[in-house]
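Here the structure comes first, spelled out in structure tokens, and everything after it is commentary.
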Amino acid sequence: MSPSLSGKEGSHSKSSDPLSEKRERIRHSASHVMADALRSFYPEVQLAIGPPTDDGFYYDVLLPPGTPQLTLEDLPKIEEKMRQIIKADHKFIYKEIDRKEALELFAKAPFKKQIIEGIPAEEKLSLYSHGGFTDLCEGPHVNSTGEIKAFKLMSVAGAYWRGDEHNAMLQRIYGTAFESQAALDDHLKNLEEALKRDHRKLGKDLELFMFDPVAPASPFFLPKGAIVYNELIKYIRELYKKYGYQEVITPQIFSTDLWKRSGHYDNYIENMYMFEADDREFGVKPMNCPAHAMMYSIRIHSYRELPIRFADFGRLHRFERSGVTHGLTRVRSFAQDDAHIFARPDQVQAEITVFLNQFMETYHMFGFGDIFIRLSLRPEKRTGTDEMWDRAEAALENALKANNLKYAPTPGEGAFYGPKLDFLVKDAIGREWQLGTLQLDYSLPERFNLEYAAEDGSIMRPVVIHRAWLGSIERFLGILIEHLAGAFPVWLSPVQVVLVPIADRHTEYAFKVVSELVEAGVRAEVDDRKERMNLKIRDAQLKKVPYILVVGDKEAEAGTASVRMRTGEDKGAKSVADVKAEIMQMINERK
RNA sequence: GCCGGCGUAGCUCAGUGGCAGAGCAGCGGUUUCGUAAACCGCAGGCCGUGGGUUCAAGUCCCACCGCCGGCUCCA
């Protein structure tokens with residue numbers, strides 16, 4: 001069961017199957033109907049764009065100056081109007097027009113005018129009308145408004161015109177529409193389900209981590225969360241050992257001398273925490289690479305030593321803009337399973353191939369099925385020669401091809417110092433997150449004057465590969481929590497076993513069993529509260545403890561424990577030795 | 001940073017100008033029980049922070065902080 005790979009990011013893929021195609025029509029049409037309804041309340045409303053999306057549609061609008069902003073409370077009346085329009089079953093009428101006509105028709109619609117001006121002259125322009133409403137639109141649509149069988153307006157949000165923060169802020173109304181009420185209900189149920197898996201909620205409920213205004217967007221890992229965090233690191237450390245990485249420990253704070261040299265002072269300072277001490281300016285590190293470059297430079301390296309792989313779990317701080325933080329997935333304080341590989345140019349491709357295999361192995365183990373690989377190619381603004389970029393991009397692409405991996409080349413998205421591979425997964429609510437990354441860097445070796453002595457004695461420049469499997473541990477944990485709905489595999493579970501004594505007199509035996517498990521390295525506890533066993537079983541299951549061992553007279557007598565799983569499955573009584581062996585095996589096999 | 005919403009007990013939430021509430025959790029007691037919530041009782045509050053309006057503010061207004069939904073950005 002290997003993770004399926006899709007070359008395209010889901011949110012950008014054009015649907016090909018009939019149902020998705022139908023929904024796209026329905027949603028696109030619903031967006032027109034919504035604009036129509038909105039216009040009946042605000043005749044002067046300026047319409048921008050109203051496309052279908054993966055799970056619904058939206059329309060970006062600008063209300064006339066002085067109009068109060070739309071809020072959630074305005075949605076019901078808009079929905080009501082939409083229902084009337086749908087009931088009237090207006091036909092959608094398609095009409096092609098020439099550019100001049102279009103510009104006249106939309107003379108008073110500045111956003112539409114801009115759209116028209118942006119469409120290449122040779123492309124035809126078209127209109128879609130229903131009832132008395134006409135919009136510039138490529139389509140396709142349903143035949144008539146009556147085909148929009150079920151819809152719901154979801155939310156109102158702000159959005160910049162054309163996604164550029166220098167442009168006007170528009171209001172975006174989100175809605176969704178389906179071919180049947182049942183499908184809509186199903187969708188709403190899924191949303192509710194996703195809410196239950198939200199890692200922020202589960203993190204609180206399971207006491208994994210907390211946040212506090214005294215450290216905005218910076219998680220406090222509570223004891224249980226710290227266990228999971230450290231288990232992840234322990235796993236990564238094993239891989240480091242296996243694959244020839246050397247772990248290093250580097251300072252947290254550096255003088256701006258370093259940040260100027262690395263380029264961060266010019267390119268990244270708005271994301272850094274800077275301060276003065278002793279009349280010098282310092283910055284808290286947002287990345288580990290400069291420190292690793294310095295460590296590489298302690299002496300001249302022979303070509304025989306390369307590749308050198310420095311791994312670092314150093315804590316990074318990035319000052320993220322206030323509106324962008326999100327639970328564990330976008331924080332200001334975090335660590336990565338970060339490593340920099342200093343390699344000879346001829347070693348680059350082999351390193352990438354090995355990395356890809358390690359990456360797939362890791363993701364397979366965590367059970368992620370929906371992985372997207374993005375190959376980010378040279379941006380406009382970049383350092384280095386074209387030959388260098390050709391070689392670097394080819395190295396990444398060849399490695400992907402050699403490993404039969406699908407990927408989406410994305411021009412212009414690379415870092416200024418080199419192209420990169422980004423590994424994205426989708427969370428429970430369909431949001432896409434970047435986790436792992438691999439970047440080729442020709443700039444850092446230049447800036448830090450990194451060298452090695454080649455076979456012929458000449459001095460050569462190594463290439464640096466930045467790479468992470470999990471990305472940020474924090475973000476990975478957040479995605480993992482949602483992916484698993486908080487039910488960690490045994491090896492990651494903060495509490496792996498809870499002993500439930502049936503009556504007080506069985507507590508002593510329960511502790512005996514626990515100490516045997518703890519001795520073997522299992523995280524086991526006795527629930528010795530003065531409560532009934534029913535409650536204790538319930539609580540253990542709500543806390544997603546994988547093994548619940550119930551012990552009473554029979555078990556104490558026979559030296560057994562009744563095994564109940566968090567799923568509710570009752571596996572019956574087993575000898576303590578057998579239970580212990582089973583749990584140990586789960587842990588050792590990381591299941 | 002920008003647009004909008006929200007902030008009341010540990011948690012989930014009610015209270016919309018007139019005495020701060022409920023359920024769960026917590027604590028005390030009773031119950032000692034065979035696989036998802038026993039019963040009784042007791043406590044628990046700078047209503048995010050600061051200012052303002054008012055005879056009176058959890059409630060109305062302003063600012064700030066934080067969170068949530070988006071935009072932009074990103075590990």
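These numbers were taken from a predicted model, which means no experiment stands behind them.
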Look at the side chain of [X] and the base of [N], then say whether one donor and one acceptor between them are separated by less than 3.5 Å.
X	N	value
A:Arg330	B:C73	yes
A:Glu270	B:G1	no
A:Asn534	B:U35	no
A:Arg475	B:C74	yes
A:Tyr160	B:G1	yes
A:Gln439	B:A75	no

Distance flag, aromatic centroids of A:Phe423 and A:Tyr363, threshold under 6.0 Å: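 No; A:Phe423 has its ring centre 6.0 Å or more from that of A:Tyr363.
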
So if I take every side-chain heavy atom of [X] and compare against [options], which nucleotide ends up nearest?
X	options	result
A:Leu535	B:C71, B:A75, B:A37	B:A37
A:Gln541	B:G66, B:G70, B:A36	B:A36
A:Ser562	B:G34, B:U72, B:G70	B:G34
A:Tyr174	B:C71, B:U35, B:G34	B:C71
A:Ala157	B:A37, B:C65, B:G70	B:G70

Base, sugar-phosphate, or nothing: which does [X] touch, judged by heavy atoms less than 4.0 Å apart?
X	result
A:Ala217	sugar-phosphate
A:Gly158	base
A:Asp422	nothing

Atom-to-atom span, [atom1] of [X] to [atom2] of [N] - whole angstrom:
X	N	atom1	atom2	value
A:Asp205	B:G10	CG	C1'	12 Å
A:Phe220	B:C67	CZ	P	12 Å
A:Glu569	B:A36	CD	P	14 Å
A:Ile49	B:G70	CD1	P	17 Å
A:Glu413	B:C73	CD	C1'	11 Å
A:Leu542	B:U12	CG	P	15 Å
A:Leu191	B:G69	CG	P	13 Å
A:Asp528	B:U32	CG	C1'	14 Å

Please determine whether salt bridge (charged side-chain N to carboxylate O under 4.0 Å, His left out) holds for the pair A:Arg162 and A:Asp164, giving the CA-CA distance in whole Å, both sets of side-chain angles, and the decisive distance to 0.1 Å. CA-CA 5 Å; A:Arg162 295 200 152 152; A:Asp164 186 331; over 6 Å; no

Using atom [atom1] in both nucleotides, what's the gap between [N] and [M] to the nearest angstrom?
N	M	atom1	answer
B:G23	B:U59	P	25 Å
B:G41	B:A25	P	15 Å
B:C55	B:C71	C1'	46 Å
B:A9	B:C27	C1'	15 Å

Partner of A:Trp469 under ring pair (Phe, Tyr, Trp, His ring centres under 6.0 Å), chosen from A:Phe359, A:Phe366, A:Tyr240: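 It is A:Tyr240, the one option of A:Phe359, A:Phe366, A:Tyr240 that forms the ring pair (Phe, Tyr, Trp, His ring centres under 6.0 Å) with A:Trp469.
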
In terms of side-chain geometry, is the basic nitrogen of [X] or [Y] positioned less than 4.0 Å from the acidic oxygen of its partner?
X	Y	result
A:Arg374	A:Glu413	no
A:Lys543	A:Glu525	no
A:Arg332	A:Glu474	no

In terms of relative ring orientation, are A:Tyr273 and A:His317 parallel, tilted or perpendicular, with 30° and 60° separating the classes?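 The arrangement is perpendicular - the two ring planes meet at more than 60°.
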
So, is [X] close to the [N] phosphate, meaning a side-chain N or O under 4.0 Å from OP1 or OP2?
X	N	value
A:Arg532	B:U35	no
A:His326	B:G69	yes
A:Gln434	B:A75	yes
A:Arg200	B:G69	yes
A:Lys536	B:C33	no
A:Arg564	B:A36	yes
A:Lys530	B:C33	no
A:Ser322	B:G1	yes

When you match A:Val551 and A:Glu165 each to their closest nucleotide on RNA chain B, which lands nearer the 5' end?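 Per heavy-atom nearest nucleotide, the more 5' residue is A:Val551.
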
Position toward the 5' end of RNA chain B (nearest nucleotide), A:Val550 or A:Glu531: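 Checking each residue's closest nucleotide, the 5'-ward one belongs to A:Val550.
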
Just one of A:Thr329, A:Leu470, A:Leu328 clears the side-chain contact (heavy atoms from CB on, under 4.5 Å) bar with A:Leu477, so which one?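 For A:Leu477, the side-chain contact (heavy atoms from CB on, under 4.5 Å) check succeeds only for A:Leu328.
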
In the structure shown, which nucleotide is the Watson-Crick or G-U wobble counterpart of [N], with both distances under 3.5 Å?
N	value
B:G41	B:C27
B:C19	none
B:A14	none
B:C67	B:G5
B:C73	none
B:U35	none

With a distance cut-off below 6.0 Å to the six-membered ring centre and an angular limit of 45° from the axis, does A:Lys77 pair with A:Phe41 as a cation-pi contact?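 So A:Lys77 does make the cation-pi contact.
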
Do the numbers put A:Arg27 on top of the ring of A:Phe57, so that NZ or CZ is under 6.0 Å from the six-membered ring centre and no more than 45° off the axis?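 No, a cation-pi geometry is absent between A:Arg27 and A:Phe57.
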
Using a cut-off of under 3.5 Å, enumerate the N/O to N/O pairs linking the protein to nucleotides 42-48 of chain B.
none

Hey, does the side chain of A:Lys420 reach the backbone of A:Leu375 with a donor-acceptor pair shorter than 3.5 angstrom?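 Answer holds: no.
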
Under 5.5 Å between ring centres and under 30° between planes: does that hold for A:Phe334 against the base of B:A75?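 Stacking is present between B:A75 and A:Phe334, given that their ring centres fall under 5.5 Å apart and the planes under 30°.
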
